[in-house]
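Scroll down for the structure; my scribbles are underneath it.
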Amino acid sequence: MSIRRLSRILASLLLGASFATLAQKSSLTVYTALETDQLKAYKEAFEKSNPTVEINWVRDSTGVITARLVAEKANPRADVVMGVAASSLAVLDIEGMLQAYAPAGLARIPAQYRDAKNPPAWVGMDVFGTTVCFNTVEAAKRNLPKPESWKDLTKPAYAGQVVMPHPASSGTGYLAVIGWMTSFGEADAWKFMDGLHANIAQYTHSGSAPCARAAAGEFTVGISFEYRANREKARGAPIDLVFPTEGLGWDLEAIAIHKGTKNQAAAQKLLDWSITDEAMGLYANNFAIVAIPTLSKPLPHVPADYASRLVKADFGWAAKNRERILAEWSKRFESKAAPR
């Protein structure tokens with residue numbers, strides 16, 4: 001056999017193998033509220049470890065993604081829900097929309113960072129908690145003191161200088177509200193939010209937007225979460241990160257398989273990967289606490305005792321009371337919501 005003919009045969013075999021690989025490749029539709037600047041790294045790392053599976057993201061804020069999933073309940077389109085607040089995944093679980101699955105290595109995830117059922121309906125990835133972004137330059141112009149507590153933000157000096165996320169649109173907004181209810185009790189939390197509302201300039205539909213707008217100098221105070229606050233600070237924004245003394249509301253970015261997926265095997269691969277050391281290392285670049293605590297690492301500008309500042313979380317209660325709380329919140333405060 002000539003070398004030329006042998007080369008043609010080998011090339012044909014390789015081409016056939018390439019087509020076979022493409023034909024066998026699974027495409028996963030993953031609904032997510034992960035920050036846009038995190039998506040590329042997670043996708044590339046997973047697909048490198050799992051070359052027969054491709055992620056296709058569908059991204060929006062937590063509240064929007066949750067509402068979309070519920071609206072699609074009768075005709076589901078998602079295979080996996082990833083990077084969405086655990087309190088929202090608990091809502092989907094109540095609706096019977098999640099497929100329980102125990103990913104490989106689940107025993108490494110502490111009980112407080114995963115669904116209590118066995119196998120769990122969802123598994124945590126990392127913790128995100130409420131953080132105040134305080135623009136020191138704008139504060140100096142207005143002679144505003146740096147707040148130390150949540151209740152400081154109800155003082156008249158901050159009138160028109162505070163932005164926060166809308167809790168129906170943003171998981172960050174909802175965890176802030178739940179955090180205040182945990183810290184103050186529900187009745188006093190509504191009183192606090194009435195006082196805060198007097199100083200609110202706008203409720204945004206993104207958890208990142210308040211910090212980004214404070215960092216840009218549009219407002220002095222942005223109620224957001226530590227990932228975005230830390231990122232804006234690292235980029236050189238003139239902000240200080242404030243962790244109010246009464247405690248911080250928090251939630252988990254979590255992952256779950258959507259019931260009815262036609263890509264069960266590929267979905268399980270993504271959940272298995274999501275709690276590997278590799279995945280936790282990527283989360284730890286962004287968040288101070290990951291769901292395998294021994295793999296957490298310090299972040300600049302986030303205090304070493306951050307975990308002790310988090311209020312006690314009850315994701316089940318937050319899910320069961322979500323509709324009631326949001327209806328009351330909207331009745332009181334919707335007038336300052338940003339246009340959609």
Side-chain angles (χ1 to χ4, degrees), residues 26-50 53-73 76-93 95 97-99 101 103 113-115 120-128 165-166 168-175 205-209 224-225 227-228 231 251-261 263-264 266-276 278-287 290-291 315 319:
S26 299
S27 179
L28 274 182
T29 299
V30 181
Y31 280 34
T32 187
L34 290 166
E35 293 295 290
T36 304
D37 46 13
Q38 297 169 359
L39 297 178
K40 182 180 178 182
Y42 295 173
K43 175 181 168 72
E44 288 180 349
F46 169 72
E47 291 178 357
K48 184 176 181 180
S49 298
N50 298 269
V53 184
E54 179 182 19
I55 289 177
N56 291 310
W57 301 113
V58 176
R59 191 211 170 271
D60 215 313
S61 297
T62 290
V64 176
I65 284 291
T66 304
R68 179 170 177 173
L69 285 161
V70 172
E72 293 174 358
K73 181 179 179 180
R77 300 176 186 178
D79 296 307
V80 173
V81 186
M82 181 179 185
V84 171
S87 58
S88 285
L89 292 186
V91 171
L92 302 182
D93 189 33
E95 293 286 330
M97 296 170 60
L98 302 182
Q99 177 65 56
Y101 176 66
Y113 295 151
R114 55 186 165 101
D115 178 38
W122 54 265
V123 178
M125 299 160 52
D126 48 69
V127 169
F128 64 109
H166 193 301
S169 304
S170 162
T172 303
Y174 189 59
L175 70 87
H205 297 293
S206 158
S208 293
S224 189
F225 64 109
Y227 166 75
R228 182 53 58 195
R231 180 60 63 92
D251 210 324
L252 289 165
E253 288 191 322
I255 186 169
I257 297 175
H258 198 293
K259 185 176 286 187
T261 175
N263 296 299
Q264 181 75 19
Q268 290 178 354
K269 286 182 180 180
L270 180 54
L271 264 75
D272 288 343
W273 177 84
S274 75
I275 63 168
T276 60
E278 178 185 35
M280 291 290 159
L282 291 174
Y283 311 151
N285 291 334
N286 303 318
F287 297 95
V290 298
F315 300 127

Can you list the steps and then say if V84 with Y31 is a side chain to side chain contact (heavy atoms under 4.5 Å, CB included)? CA-CA 8 Å; V84 171; Y31 280 34; 5.8 Å; no
Using the rule given for side chain to side chain contact (heavy atoms under 4.5 Å, CB included), can you reason through F46 versus E278, listing the C-alpha separation, both sets of side-chain angles and the distance that settles it, and then say yes or no? CA-CA 9 Å; F46 169 72; E278 178 185 35; over 6 Å; no
The test is side chain to side chain contact (heavy atoms under 4.5 Å, CB included); show your working for L270 and V53 and say whether it passes. CA-CA 9 Å; L270 180 54; V53 184; over 6 Å; no
List the steps and the verdict of side chain to side chain contact (heavy atoms under 4.5 Å, CB included) for D60 and R68. CA-CA 10 Å; D60 215 313; R68 179 170 177 173; over 6 Å; no
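Annotation: side chain of T62 is not in contact with side chain of Y174 (no heavy-atom distance under 4.5 Å). Residues Q99 and Q264 form a side-chain contact, since some pair of their non-hydrogen atoms from C-beta on lies under 4.5 Å apart. M125 has its side chain out of reach of F287: every pair of non-hydrogen atoms, C-beta onward, lies at least 4.5 Å apart. Considering only heavy atoms from C-beta on, L175 comes within 4.5 Å of F128 through its side chain. Residues E95 and L69 form no side-chain contact, since every pair of their non-hydrogen atoms from C-beta on lies 4.5 Å or further apart. Within the 4.5 Å cutoff, the side chain of L92 has heavy atoms near those of the V70 side chain. Counting heavy atoms from C-beta outward, T261 and V80 have side chains that stay 4.5 Å or more apart. When side chains are defined from C-beta on, V123 counts as touching P103, because their heavy atoms get closer than 4.5 Å.
Contact record, A266 with L28: O-CD1, 3.5 Å, taken as the closest heavy-atom pair. Among all heavy-atom pairs drawn from A121 and L98, the shortest one is O-CD1, 3.9 Å. In terms of heavy-atom proximity, S224 sits nearest to G207 at OG-O, 2.7 Å. Contact record, M280 with I275: CE-CA, 3.8 Å, taken as the closest heavy-atom pair. Across all non-hydrogen atoms, the minimal contact from D251 to A85 is OD2-CB, 3.4 Å. Residues L282 and A45 approach most closely at CD1-CB, 3.7 Å, considering heavy atoms.
Residue T32 is tested with E253, R59, Q38 for a side-chain contact (heavy atoms from CB on, under 4.5 Å); the sole match is R59. Here the options are D37, N286, T172, the test is side chain to side chain donor-acceptor pair (under 3.5 Å), and the partner is R228; only D37 passes. Test S61, S88, S87 against T66 for side chain to side chain donor-acceptor pair (under 3.5 Å) and you get one pass: S88.
Under the 30°/60° scheme for interplanar angles, the aromatic rings of F315 and W122 are found to stand perpendicular.
Interatomic distance, L252 CG to D115 CG, rounded to the nearest 0.5 Å: 11.5 Å. Atom CH2 of W57 is separated from atom NZ of K40 by 14.0 Å, given to the nearest 0.5 angstrom. Put simply, NE2 on H258 and CG on N263 are 13.0 Å apart, with the number rounded to the nearest 0.5 Å. Summarising the geometry, atom OG belonging to S208 is positioned 3.0 Å from atom CD belonging to E35; distances are rounded to the nearest 0.5 Å.
Judged by distance alone, the side chain of D79 and the main-chain N or O of T29 form a donor-acceptor pair under 3.5 Å. Without hydrogens or angle criteria, K269 side chain to N50 main chain gives no donor-acceptor distance under 3.5 Å.
With sequence neighbours excluded, no residue forms a side chain to side chain donor-acceptor pair (under 3.5 Å) with Y283.
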